[in-house]
2 protein chains.
Amino acid sequence: MLPSKISGELEVLSRNPLIAMQNPAIDKAAQLVREALTERKALIIVGNCWVDYSGRASSKLEPGERIVIFKEDGSVLVHRPTGYEPVNWQPPGCLFSVRAVSNTLQIRAIRRKPSESVKIFFDNVYEVCALNLVDNGAFSLYASEEDMQRAILSRPSLLEDGFEPITYEKKVESGFVDVYGVDKTGKFVVVEIKRKPAGRAAVLQLAKYVKAIRSMVNREVRGVLVAPDVAKGVQRLIVTLGLEFKALDPRKCALVLTKPETKRLVDFFEDTG
Amino acid sequence: MLPSKISGELEVLSRNPLIAMQNPAIDKAAQLVREALTERKALIIVGNCWVDYSGRASSKLEPGERIVIFKEDGSVLVHRPTGYEPVNWQPPGCLFSVRAVSNTLQIRAIRRKPSESVKIFFDNVYEVCALNLVDNGAFSLYASEEDMQRAILSRPSLLEDGFEPITYEKKVESGFVDVYGVDKTGKFVVVEIKRKPAGRAAVLQLAKYVKAIRSMVNREVRGVLVAPDVAKGVQRLIVTLGLEFKALDPRKCALVLTKPETKRLVDFFEDTG
DNA sequence: GAGTGGATTTCGCAT
DNA sequence: ATGCGAAGTCCACTC
């Protein structure tokens, strides 16, 4: 048995994850492109191209140098040198046709429902990479601050037994309260949520909100800071200002959100308890 | 003066749009990556990597083979071999740091407001492309069917003078009416919109809707087919069924939508008149 | 700078 | 299959 690192490298050598051409002739490029698309490989083409799209809408992209990616599932991305979003694209499930006509590489990607067509024309190809990629790595995303808020609203006992949210993001002067409610003794509770160890700023903000609410209602008002932890020295400040701290791990919130939110909030740390 | 095709190729040769390395050692790859990011070039890295994200939320991506793109504007895309969307990303405006530590290429992309960090680690690089891309090609998108609908609603005179929409996408049995309203003589008008030359199916659908509406109201009901053109032989069918046709170019609709829609609906055919 | 609405949204889950 | 809501949405525009 070889060490996994070594065996992995051998595997990569035998699989040959990459076939690349630099500045190929159009017909050579077309050949590699056709092969890659036929074998459902991922494919990168860099070159000077123009694009016609027709389907739900229509668009035309004049010539320029771009990065075009074809994926194993039949999706297409045309990326300009700037911007997060592709300028043209096609969702997964496309059928392709490839032609080399009068020194122009033409690739058409079509799909049904809705019926859409993207045609890409290259008159200059700088690089073609046909890729045989293996990607089984798990992706896990855990709770955002907003997720923690939803978690508390959907299960108020996360904060404390008997807590009942009244409204959330209540507007006060200079901001919004994350969560706002009443505890089991009838006192108002103002909650400030942080998904990271809370610093001084979070505490001061909470104090400000508590003060604002106190000026509006004639009842006792508690201020509770919810975060996975507090930064060093902040605990003292919390006590000094008459506030409270409740530890809550954002990963735990992720597990609580079992309704539609489950989709992206998967078990990340199984050792969370 | 050289022909533009030739001069363009000379320009490409002198500019050197591509520096590529296949299966480089990690430190060599790091060198090219650092250079490309420093010079604000676009950059493609294909290899085995894992990713940590922390910011609005947090995520972890276990090792696998992916395509990673860095763009001139400081945006980052991590693409798995399938799917339209990047699994991890960073919007434009990032700052980068590159390190090669114990045979691992580490790239960090951070941005402020919101404060976010994406860390990408490669232990195996199959391909690195540093790109010097020139892309000034105009992108134009013109109206979708929905845009045409909005255009008519925002300027009913596109259909005819005196037309007043009542509601749109009115539900009838087996479908929705695109636009529904009253003409200047008080008759009901049912509008069916197509962004391409209308075929028999569109006409028959409109006829069905007209029939459905007639069974619901005690008033005259007109059926108007709106499209840039009608397919061959369909005009007869329209007349036979007692319907009407109104020619409307989707490109014209695009120009009508001058409110927020302007952003993507630019003048595409200046010779539209 | 914050807030609002659209997108060739995409994506995932519900019915 | 269709519809609904969320997204690390992104993006452009308004106040």
Does A:V118 or B:G83 map to a spot on DNA chain C nearer the 5' end, using the closest nucleotide for each?
A:V118
If you pin B:P92 and B:N88 to their nearest nucleotides in DNA chain D, which one's is more 5'?
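The residue whose closest nucleotide sits nearer the 5' end is B:N88.
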Using the [atom1] atom as the point on both nucleotides, what is the distance between [M] and [N], in whole Å?
N     : M     : atom1 : value
C:dT8 : C:dT4 : P     : 22 Å
D:dG8 : D:dC4 : P     : 22 Å
D:dG5 : D:dT9 : C1'   : 13 Å

Using the test ring-ring contact (aromatic ring centres under 6.0 Å, His included), find all partners of B:Y84 that sit at least two apart in sequence or belong to another chain.
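Checked B:Y84 against ring-ring contact (aromatic ring centres under 6.0 Å, His included); matches are A:W89.
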Minimum-distance nucleotide to [X] side chain [options: [options]]:
X      : options               : answer
B:E85  : D:dC10, C:dC11, D:dG8 : C:dC11
B:K113 : C:dG1, C:dT8, D:dG8   : C:dG1
B:Y53  : C:dT8, C:dC11, D:dG8  : D:dG8

Is A:Y84 stacked on the base of D:dC10 when the test is centres under 5.5 angstrom and planes under 30 degrees?
no
Tell me: [atom1] of [X] to [atom2] of [N], nearest whole Å?
X      : N      : atom1 : atom2 : value
A:F139 : C:dG12 : CZ    : C1'   : 14 Å
B:K71  : D:dC10 : NZ    : P     : 14 Å
A:R112 : D:dA1  : CZ    : P     : 15 Å
A:I120 : C:dT8  : CD1   : C1'   : 14 Å
A:E116 : C:dT10 : CD    : C1'   : 12 Å
A:R56  : C:dT10 : CZ    : C1'   : 9 Å
A:L141 : D:dT9  : CG    : P     : 10 Å
A:D73  : C:dT10 : CG    : P     : 13 Å

Salt bridge (Lys or Arg N to Asp or Glu O under 4.0 Å) partners of B:E116, counting only residues at least two apart:
B:R56, B:R111
Could you tell me whether the phosphate oxygens of C:dT9, OP1 or OP2, come under 4.0 Å of any side-chain nitrogen or oxygen in A:W89?
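Negative; the distance criterion is not met.
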Check: A:G83 main-chain N/O paired with B:K71 side-chain donor or acceptor under 3.5 Å:
yes
Remember a base hit wins even if backbone is also touched, and classify B:Q90 as base, sugar-phosphate or nothing at under 4.0 Å, heavy atoms.
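It contacts base atoms.
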Sugar-phosphate only, base, or nothing, as touched by A:P91 at under 4.0 Å among non-hydrogen atoms:
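Result for A:P91 = sugar-phosphate.
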Looking at every heavy atom in both A:S215 and A:A212, which two are closest together, and how far apart are they?
OG-O, 2.6 Å
Considering residues, nucleotides and ligands other than B:E39, do more than 12 of their heavy atoms fall under 6.0 Å from its CD?
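Yes.
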